[in-house]
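A quick note: this is a predicted structure, and the numbers were derived from the prediction, not measured. As the structure lists them, so they are numbered: ligands from 1, and atoms in each ligand from 1.
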Amino acid sequence: MSETIEKVKCLIIGSGPAGYTAAIYAARANMKPVLYQGTQPGGQLTTTNEVENFPGYPDGITGPAMMMELQKQAERFETDVRNGWITKVDFSGDVHKVWVNGEKEIHCDTIIISTGASAKYLGLESEQKYLKLGGGVSACAVCDGFFYRKQEVVIVGAGDSACEEAHYLSKLCTKVTMLVRRDEFRASKIMSERVKNTENIEILFNTETEEVIGDGQVVTGVKVLNNQTKASHLIPATGFFVAIGHKPNTDIFKGFLDLDETGYIINAKPGTSKTNIAGVFVSGDAADHVYRQAITAAGTGCMAALDAERYLAAKDSTFEVSTSNYN
Ligand SMILES: Cc1cc2nc3c(=O)[nH]c(=O)nc-3n(C[C@H](O)[C@H](O)[C@H](O)COP(=O)(O)OP(=O)(O)OC[C@H]3O[C@@H](n4cnc5c(N)ncnc54)[C@H](O)[C@@H]3O)c2cc1C
C-alpha cells in the first residue's frame, strides 16, 4: 500500500531535452518542480555520440555530455531530480494523481509530460549491434544524414516519413537505396512520386533486410532478400537508416488524454502545450510526430512550463507569475 501521499506543485515526467528545459523554466518561476527521469535518464540523446545541430555547441557535443549539462542547469535552480518510473496516472478528478514505481502516490497541481517517443527498429541482431556501436545504423536522417555526405546509404520504410527521409538523404548522399517490403508504397502519392522521380534514389520493392554487414566497427553493406524471387544480394553502403515509425511513450495516459491513432498526445489548443485535461501539459516528442528534434523538444518544454505557471497563477491567487522567465 502507498505511504504518505506527497503533494507537488509541478511534476515533470521525463528527463530528455523537453523535461529538463521545462524544469529550468518551472524552477526559475518558483514552482519547485519534481522531475522523474524514467528508465532512460537523459532520454534518447544518450544513445548518440554526436550532436552537431543543437545551438550553443559550435564544435558539437556527445549526447550523454549534453544531457548531463541540461540536468546540471535544472539542478542549479533546485529542480528535485529523482529516479523513478511513473507507472499509473489518474486524471479523472480535481486532483491529478500519479504513482511512482507502482507504489508512491503523488498529488500534483500541474503535470508536464515529457515522456518522448521511441524509434522502431527491425530487431535484427546485426542492426542492433551496429546501432549500439554507433557504427552506421540510425533512425533519424535529419540527425545523422550529414555524417554520410557523398556516401552510399540504404533506407528501409514505405510511409510518408520514409519517403521524406530518403529525399533528405538524396541531397547529401551519392546514392540512396530504398527497401520496400511490399510491391507498393504506403506513402501518399505526392511523397512516393517525389522519391520515384529523384535520380539518385533506387527503390527496391518486395525487398527485405536480411543482415546489416560490417567490419566489426562500422557498416559496410546490407544483405537484402527479394521476397518474391527469394534471391539475395549485397548492397554496399556505409549507412543503414530505419524509417518504419516511432512509438510515443504514452500508454499510461490512455483513457485520460486525447491521443491520435499512433498514440501521440493531441494538443487541445494548437500553439500551446495544453492537453484536454486542465493542469496537464505536454512537451517534446510525446506530442510531435513531425519535427522530433532536441531543439523543438526543448522549445516545447519551455512552453509547457510557462503554460503551467500561468495556469497556477490563474487558479491560485497566492501564486504569483514570476518575472524571472521574462527577463
Ligand atoms: C540515435 C538518435 C540520435 C539523435 N540525434 C539527434 C540530433 O543529433 N539532434 C537532434 O536535435 N535530435 C536528435 N535525435 C532526436 C532527439 O533525441 C529527440 O527529438 C529528443 O530527445 C526528444 O526529447 P524528449 O524530451 O521529448 O524525449 P526523450 O529524449 O525521448 O526523453 C524521454 C524521457 O522520458 C522518460 N520517460 C518515458 N516514460 C516515462 C515514465 N512513464 N515515467 C518516467 N519517465 C518516463 C524517459 O526515461 C526519458 O528520460 C536523435 C534521436 C536518436 C534516437
Side-chain angles (χ1 to χ4, degrees), residues 11-24 34-57 60-67 70-71 74 81-89 98-102 104 106 111-121 127-128 130-147 165 239-243 246-254 263-265 273 281-305:
L11 184 87
I12 299 170
I13 312 176
S15 55
Y20 281 137
T21 306
I24 293 164
V34 170
L35 179 149
Y36 276 94
Q37 291 181 310
T39 50
Q40 192 178 41
Q44 291 174 64
L45 277 187
T46 56
T47 64
T48 186
N49 283 331
E50 284 160 289
V51 181
E52 292 197 326
N53 54 9
F54 198 89
Y57 298 104
I61 185 165
T62 69
M66 183 179 135
M67 294 317 298
L70 267 110
Q71 179 175 345
V81 177
R82 300 178 184 174
N83 288 320
W85 181 253
I86 307 302
T87 43
K88 192 174 119 182
V89 302
V98 307
W99 283 263
V100 185
N101 299 333
K104 184 181 169 63
I106 305 183
I111 296 180
I112 296 176
I113 297 168
S114 316
T115 48
S118 308
K120 291 184 192 163
Y121 290 94
E127 170 206 58
Q128 291 303 306
Y130 287 101
L131 175 68
K132 287 192 185 105
L133 283 170
V137 173
S138 170
C140 179
V142 175
C143 312
D144 296 329
F146 192 74
F147 302 119
E165 302 222 340
F240 180 67
F241 286 85
V242 186
H246 284 74
K247 185 183 181 320
N249 305 317
T250 56
D251 285 354
I252 52 169
F253 307 113
K254 266 184 201 154
Y264 287 99
I265 297 171
S273 65
F281 304 89
V282 64
S283 59
D285 285 11
D288 175 11
H289 59 92
V290 180
Y291 302 106
R292 288 193 297 252
Q293 293 296 293
I295 188 68
T296 46
T300 52
C302 158
M303 287 165 65

Checklist outcome for this item: Here the atoms of ligand 1 under 4.0 Å from any heavy atom belonging to Gly116 are 26 (O), 27 (O), 30 (O), 32 (C)
Checklist outcome for this item: If we number the atoms of ligand 1 from 1 as shown, the ones under 4.0 Å from a heavy atom of Gln37 are 35 (C), 44 (N), 46 (C), 47 (O), 48 (C), 49 (O)
Item to check | Option of least heavy-atom distance to atom 2 (C) of ligand 1 (set: Thr300, Thr48, Thr250) | outcome: Thr48
Next on the checklist: Within ligand 1, which atoms have a heavy atom of Ser114 less than 4.0 Å away?
Outcome noted: 32 (C), 33 (C), 34 (O)
Next on the checklist: The criterion is salt bridge (charged side-chain N to carboxylate O under 4.0 Å, His left out); which residues satisfy it with Lys88, sequence neighbours excluded?
Outcome noted: none
Checklist entry - If you measure from CH2 on Trp85 to CG on Asn101, what distance do you get to the nearest 0.5 Å? => result 10.0 Å
Next on the checklist: Only heavy atoms of Asn53, strictly under 4.0 Å: list the atoms of ligand 1 that pass.
Outcome noted: 7 (C), 8 (O), 9 (N), 10 (C), 11 (O)
Item to check | Selection from Cys140, Ala119, Ala18 by shortest heavy-atom distance to atom 25 (O) of ligand 1 | outcome: Ala18
Checklist entry - Quick one: are Val100 and Arg82 in side-chain contact, heavy atoms under 4.5 Å? => result no
Checklist entry - Going by the atom numbers of ligand 1, which of them fall below 4.0 Å from some non-hydrogen atom of Ile13? => result 40 (C), 42 (N), 43 (C), 44 (N)
Checklist outcome for this item: If we number the atoms of ligand 1 from 1 as shown, the ones under 4.0 Å from a heavy atom of Gln40 are 46 (C), 47 (O), 48 (C), 49 (O)
Checklist entry - side chain to side chain contact (heavy atoms under 4.5 Å, CB included) with Gln40: which of Thr46, Thr115, Asn249? => result Thr46
Checklist entry - At what distance is the nearest protein heavy atom to atom 6 (C) of ligand 1, and which residue and atom is it? => result Cys143 SG, 3.1 Å
Item to check | Proximal ligand 1 atoms for Gly38, defined as those under 4.0 Å from one of its heavy atoms | outcome: 43 (C), 44 (N), 45 (C), 47 (O)
Checklist entry - Between Asp285 and ligand 1, which part of the residue brings a heavy atom under 4.0 Å of the ligand: side chain, backbone, both or neither? => result both
Item to check | Flag side-chain contact, heavy atom, 4.5 Å: Ser15 against Val81 | outcome: no
Item to check | Proximity of Thr115 to ligand 1 by residue part, where a heavy atom lies under 4.0 Å | outcome: both
Item to check | Any Trp85 heavy atom less than 4.0 Å to ligand 1 | outcome: yes
Item to check | Any N/O pair Ser283/ligand 1 closer than 3.5 Å | outcome: no
Checklist entry - Of the listed options (Ala294, Ser118, Ala298), which comes nearest to atom 11 (O) of ligand 1 when hydrogens are ignored and any heavy atom counts? => result Ala294
Checklist entry - Within the structure, does Glu52 bring an N/O atom to less than 3.5 angstrom of an N/O atom in ligand 1? => result no
Item to check | Per-atom contacts of ligand 1 with Gly284, taking only distances under 4.0 Å to non-hydrogen atoms | outcome: 26 (O)
Next on the checklist: For atom 23 (O) of ligand 1, tell me which residue out of Ala287, Gly16, Gly14, Pro17 has the closest non-hydrogen atom.
Outcome noted: Pro17
Item to check | Option from Ile113, Val98, Leu11 for which side chain to side chain contact (heavy atoms under 4.5 Å, CB included) with Val89 holds | outcome: Val98
